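One-based numbering, in listed order, for ligands and for the atoms of each. All values derive from a computational prediction rather than experimental measurement.
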Amino acid sequence: MSRQREVVIIGGGVIGSSLGYQLAKQGKKVTIVEQSDLASGASGAAAGMLAADCEQFEHPELQTMAKMSRDLFPALIHELRKISGIDAGLNQQGFLTPARDKQEAENLQAELLAAGTGGEWWTPEKLSQAEPALTEGLTGAIYRSDEIQVIPSKLTEAFAYSAQAEGAVLLRQTEATSIQVQDKRVQGVQTSGVFLRCDQVVLAGGWRTEQLLQPLGLTLPLEPVKGEIVEVRTRVPLLQATLYAKSIYIVPKPGNRLWIGATSIPGDSSEGVSADSIVRLLSEAAKWIPEIRNAQFERAWAGHRPKSPDGLPYLGGFQEIQGLFAAAGHYRNGILLSAMTARLLASEMEGTTTPGINLVPFRPDRFQHQLEGGLIR
Ligand SMILES: Cc1cc2nc3c(=O)[nH]c(=O)nc-3n(C[C@H](O)[C@H](O)[C@H](O)COP(=O)(O)OP(=O)(O)OC[C@H]3O[C@@H](n4cnc5c(N)ncnc54)[C@H](O)[C@@H]3O)c2cc1C
């Protein structure tokens with residue numbers, strides 16, 4: 001009988017936690033190592049939109065993966081709630097992309113036809129009937145009933161605690177400091193606490209993932225793209241569906257809260273939210289929902305989207321080192337892609353493939369030859 005494999009996942013964000021759950025459910029001995037708290041990175045800062053159609057992915061493989069992932073969530077969230085008792089706050093009221101003038105309405109209608117994705121056109125009358133708090137004079141909207149949204153920190157916890165319920169070990173406040181490799185095979189992970197012996201290591205450390213690879217002579221280029229979100233609270237609910245405009249999104253959350261986002265600042269790894277960003281986000285939001293001016297300011301926060309040079313995630317094993325895998329670089333859609341990422345990577349780690357998705361475009365060593373040729377950095 002073959003020995004049960006030991007897997008160490010570095011990172012307790014949505015990606016590491018989702019994979020931890022999938023592997024533990026399959027009977028693997030899994031340890032998730034998180035240097036801080038669960039969802040303390042980008043996963044706790046996200047808006048939680050699972051917007052597979054609105055995001056309009058250019059890469060066909062990523063588009064397919066996004067839709068497959070989004071469609072897994074309603075049942076998956078139910079399953080996670082049963083196991084962990086944590087409610088990830090699934091909202092199925094759909095997404096609206098409204099038009100401000102005739103030209104925008106024509107463009108959106110053409111987009112809807114060309115995309116051939118789920119979605120219907122709402123007239124100005126239907127729009128103001130469904131969402132009376134929206135500003136007057138809008139010329140219609142695309143309504144997408146399939147798009148959903150969640151509370152991302154809760155989703156991450158639901159994955160992690162469900163993984164624990166399935167036998168995974170969660171090590172919080174524990175930093176992975178190096179990966180031990182011998183004869184091109186993974187031996188284990190040195191942490192700020194114990195040494196964890198294992199056959200397989202998955203790097204899911206968000207935008208800082210590459211740090212652990214440098215001593216091994218491997219690259220995984222990732223850039224932080226800072227994003228800020230503002231939360232306001234209103235006396236009565238102002239929005240049923242999520243508003244997904246080109247300039248801004250406004251996401252209704254429980255307790256009459258609206259999450260307004262987001263800025264996008266490439267290469268900025270600073271913490272904190274600038275006053276200028278708050279002013280810009282709120283004034284743009286008030287153009288869509290004037291009543292937002294009377295809302296209570298609750299809080300604002302920032303996070304860092306992990307972006308690869310081609311904008312695609314890294315999913316799969318490194319050819320150079322047996323047992324070393326990456327699940328990182330999900331940029332602005334890691335919450336959306338988390339369900340499918342876990343399934344794809346779990347199959348890859350077993351040496352099997354998942355029908356319908358080709359992982360070649362996501363190979364983690366796709367920039368390695370450029371490093372060797374001196375093209376990167
Ligand atoms: C403002 C904003 C809005 C967003 N909105 C959305 C959205 O609506 N929908 C969507 O799908 N996506 C959204 N995203 C993107 C999404 O948040 C990310 O793609 C996703 O969270 C990445 O998850 P992750 O697990 O890879 O990284 P992270 O959440 O950053 O997790 C990585 C974890 O690894 C830990 N770690 C790192 N190094 C080590 C180490 N050496 N040892 C131990 N632990 C380590 C970190 O502490 C961290 O907790 C948004 C992001 C931002 C910033």
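Distance from atom 43 (C) of ligand 1 to its nearest protein heavy atom, with residue and atom name: Gln35 N, 3.2 Å. When hydrogens are left out, the protein atom nearest atom 52 (C) of ligand 1 is Arg305 CG, 3.7 Å; that is the closest non-hydrogen contact. For atom 50 (C) of ligand 1, the closest non-hydrogen atom of the protein is Ala46 CB, 3.5 Å. Atom 41 (N) of ligand 1 has its closest protein heavy atom at Ala176 O, 3.0 Å. At the top of the distance list for atom 27 (O) of ligand 1, counting protein heavy atoms only, stands Gly206 CA, 3.5 Å.
Side chain of Ser274 to backbone of Ser277: a donor-acceptor contact under 3.5 angstrom is found. Side-chain atoms of Arg305 come within 3.5 Å of backbone N or O of Lys226 as a donor-acceptor pair. Checking side-chain atoms of Ser84 against main-chain N and O of Tyr161 turns up no donor-acceptor pair under 3.5 Å. A distance-only check finds a donor-acceptor pair linking the side chain of Glu131 to the backbone of Ala241 [under 3.5 Å].
At least one heavy atom of Ala45 sits closer than 4.0 Å to an atom of ligand 1. No heavy atom of Val225 sits closer than 4.0 Å to any atom of ligand 1. Using a 4.0 angstrom heavy-atom cutoff, Gly261 does not count as in contact with ligand 1. Using 4.0 Å as the threshold, Arg208 has no heavy atom nearer than that to any atom of ligand 1. A heavy-atom separation below 4.0 Å is found between Tyr249 and ligand 1.
Considering backbone and side-chain atoms together, Tyr331 places an N or O closer than 3.5 Å to an N or O of ligand 1. The shortest N or O to N or O distance between Ile15 and ligand 1 is under 3.5 Å. An N or O contact shorter than 3.5 Å is missing between Leu50 and ligand 1 by distance. Between Gly334 and ligand 1, an N or O atom pair is found at a separation short of 3.5 Å. For Met49, a nitrogen or oxygen atom sits less than 3.5 Å from a nitrogen or oxygen atom of ligand 1, counting backbone and side chain alike. The shortest N or O to N or O distance between Glu34 and ligand 1 is below 3.5 Å. Looking at Arg332 next to ligand 1, an N or O pair under 3.5 Å apart turns up. Among the atoms of Gly16, none of the N or O lies under 3.5 angstrom from an N or O of ligand 1. The shortest N/O to N/O separation between Ala47 and ligand 1 falls below 3.5 Å.
Pairs of residues two or more places apart, or lying in two chains, that qualify as ring pair (Phe, Tyr, Trp, His ring centres under 6.0 Å) and include a residue from residues 240-283 are Trp259-Trp301. Residue pairs that meet the ring pair (Phe, Tyr, Trp, His ring centres under 6.0 Å) test with at least one member in residues 139-158, sequence neighbours left out, are Trp122-Tyr143.
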Using side-chain hydrogen bond (donor to acceptor under 3.5 Å, both in side chains), reason through Gln180 and Arg197 one step at a time and then give a plain yes or no.
CA-CA 9 Å; Gln180 301 293 307; Arg197 227 193 65 73; over 6 Å; no
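Heavy-atom contacts from other residues, nucleotides or ligands closer than 6.0 Å to CZ of Arg299 number more than 12.
Of the options Gly13, Ser43, Ser36, the smallest heavy-atom separation from atom 23 (O) of ligand 1 is shown by Ser43. The heavy atom nearest to atom 32 (C) of ligand 1, considering only Pro306, Gly205, Gly41, Ser40, is found in Gly205. The residue from Ala42, Ser18, Ala39 that puts a heavy atom closest to atom 28 (P) of ligand 1 is Ala42.
With ligand atoms numbered from 1 in the order given, ligand 1 contributes 23 (O), 25 (O) to contacts under 4.0 Å with heavy atoms of Val14. For ligand 1, the atoms sitting less than 4.0 Å from at least one non-hydrogen atom of Leu336 are 10 (C), 11 (O), numbered in the order shown with element in parentheses. Interface atoms of ligand 1 facing Gly48, defined by a heavy-atom separation under 4.0 Å, are 7 (C), 8 (O). Close approach of ligand 1 to Val33 is summarised as follows: ligand atoms under 4.0 Å from at least one heavy atom of the residue are 43 (C), 44 (N).
Looking at Thr97 and Arg144, their side chains come closer than 4.5 Å, going by heavy atoms from C-beta outward.
Using modelled atom types, one finds no donor on one side chain facing an acceptor on the other under 3.5 Å when comparing Thr219 with Gln368.
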